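Below, read A as the first sequence line, B as the second, and so on, with proteins coming before strands; counting in each chain starts at 1. Given the structure is predicted, the values throughout are model-derived calculations rather than measurements.
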Amino acid sequence: VSNRFGLPDLGVGLGLRTVHYARIAEARPEVDWFEILSENYMQTAGRPLEWLDLVAARYPVAMHGVSLSIGSTDPLDRAYLAELRALRDRSGARWVSDHLCWTGVGGKNTHDLLPMPYTEEALRHVAARVRAVQDLLGAPLALENPSTYVEHAGGTMPEWEFLARLAEEADCAILLDVNNVYVSAYNHGFDPHTYLAAVPFDRVVQLHVAGHTHHGTHIIDSHIGPVIEPVWKLLAEAWRRAGGVSVLLEWDAEIPSFEETHAEALRAKEFIGGTP
Amino acid sequence: VSGLRDTQEWFARAVMAGERLDEAPQRLTAGPKLGARERLDVYRRGYGRASSSAWPTTTPC
């Protein structure tokens, strides 16, 4: 364990996707751990939870959400948080994560992970909400750096400074997505290594890698296809800076067979390991 | 959080309803290869897809 929260290095895992349920149940493959999408098992009953129980009984799991909307100026959704905590208790998830973003305002949901303005006002606002969420969960929340396609004109600090200061002020954990760093670096014109150098790695409890879609003028964080070499190299740098940390591959569209997806995840082992 | 609220209300209306798009150059920065309005359109296209498909299949993160 190298992070300040005492959370374990689970190894190299995969995002659990419904198209792989049957294969996992049938073959019981050797996988270090699975990340589940929290909302897939909330406000539901029956089969999804049965699959989750089956997986959680055999593998370590962590929860990853998309609906917390921690940066929104709308009130926190207490019912959502209660259900999130119940799911954590049911699944035995090692930690709970979501994104440094907002998804809606005025009660309307955009169904997207929207960028924050990186200002002092936003920093104070999000830090207070993270502390409230952690009180309700009774555990640290891990926040993931988003992939973004715009920057707000009123920003007074870069994202990496906002993330580092937020983690310190809210005493929360970080889920560092190195593909998101790569995507945002291209879209905004910064050096991804500058970003990594500013991350407080004693707060990083998990790394994400994924494929993306390059449109020439910008990159979309599509989670389609294999991970490209420069992103693997960012993973290697982040893993080394963290002193060893859980790694997870996300693949969310045009998903291949379980074996092919898992093989892509295991490529991470070519870039990590040895002496941190 | 009045400044943050104003930013979020404008952004959401621009993305979801296409309103006050002319304010994009004042509210958003241009990128290396796209202007502020073009960058905003990335989110507007994503919202269009999200409106016709199941969450969270668009813009994974």
(request) Report the distance from atom CZ of Arg45(B) to atom CG of Asp112(A), rounding to the nearest 0.5 Å. (result) 12.0 Å

(message) Can you give me the closest heavy-atom contact between Val42(B) and Tyr149(A), atom names plus distance?
(response) CG1-CG, 3.7 Å

(message) I need the minimum non-hydrogen distance between Met16(B) and Thr110(A), along with the two atoms involved.
(response) SD-CG2, 3.5 Å

(request) Please check if the side chain of Glu9(B) supplies one atom and the backbone of Gly106(A) the other of a donor-acceptor pair under 3.5 Å. (result) no

(message) For Asn179(A), which atoms come within 4.5 Å of any heavy atom of chain B: side chain, backbone, both, or neither?
(response) neither

(request) Compare every heavy atom of Thr217(A) with every heavy atom of Lys33(B), then report the nearest pair and how far apart it is. (result) CB-O, 3.7 Å

(message) Less than 4.5 Å to any heavy atom of chain A: does that hold for the side chain of Gln26(B), its backbone, both, or neither?
(response) backbone

(request) Using non-hydrogen atoms and a 4.5 Å limit, figure out which bit of Arg5(B) sits close to chain A: side chain, backbone, both or neither. (result) both

(message) Between Val1(B) and chain A, with a heavy-atom cut-off of 4.5 Å, which part of the residue counts as in contact: side chain, backbone, both or neither?
(response) both

(message) Closer than 3.5 angstrom, by distance alone: can the side chain of Arg39(B) be matched with the main-chain N or O of His218(A) as a donor-acceptor pair?
(response) no

(message) Measuring from atom CD of Glu151(A) to atom CG of Leu28(B), what distance do you get when rounded to the nearest 0.5 angstrom?
(response) 10.0 Å

(request) Determine, stepwise, if the pair Met116(A) / Thr7(B) fulfils side-chain contact (heavy atoms from CB on, under 4.5 Å). (result) CA-CA 9 Å; Met116(A) 296 295 297; Thr7(B) 295; over 6 Å; no

(message) Please find the pair of heavy atoms, one from Gly71(A) and one from Leu4(B), that lie closest to each other, and give the distance.
(response) O-CD2, 4.0 Å

(request) Go through Pro117(A), Gly104(A), Ala153(A) and name the one with the most non-hydrogen pairs under 4.5 angstrom from chain B. (result) Ala153(A)

(message) Quick check: closest heavy atoms across Glu121(A) and Gly3(B), and the distance to 0.1 Å?
(response) OE2-N, 3.2 Å

(message) Can you give me the closest heavy-atom contact between Phe11(B) and Leu114(A), atom names plus distance?
(response) CE2-CD2, 3.8 Å

(request) Pick one of side chain, backbone, both or neither for Thr148(A), based on which atoms fall under 4.5 Å of a heavy atom in chain B. (result) both

(message) For the interface with chain A, which of Pro32(B), Gly31(B), Ala36(B) has the highest count of heavy-atom pairs at distances below 4.5 Å?
(response) Pro32(B)

(message) Once rounded to the nearest 0.5 Å, what's the spacing between atom NE2 of His152(A) and atom CD of Gln8(B)?
(response) 8.0 Å

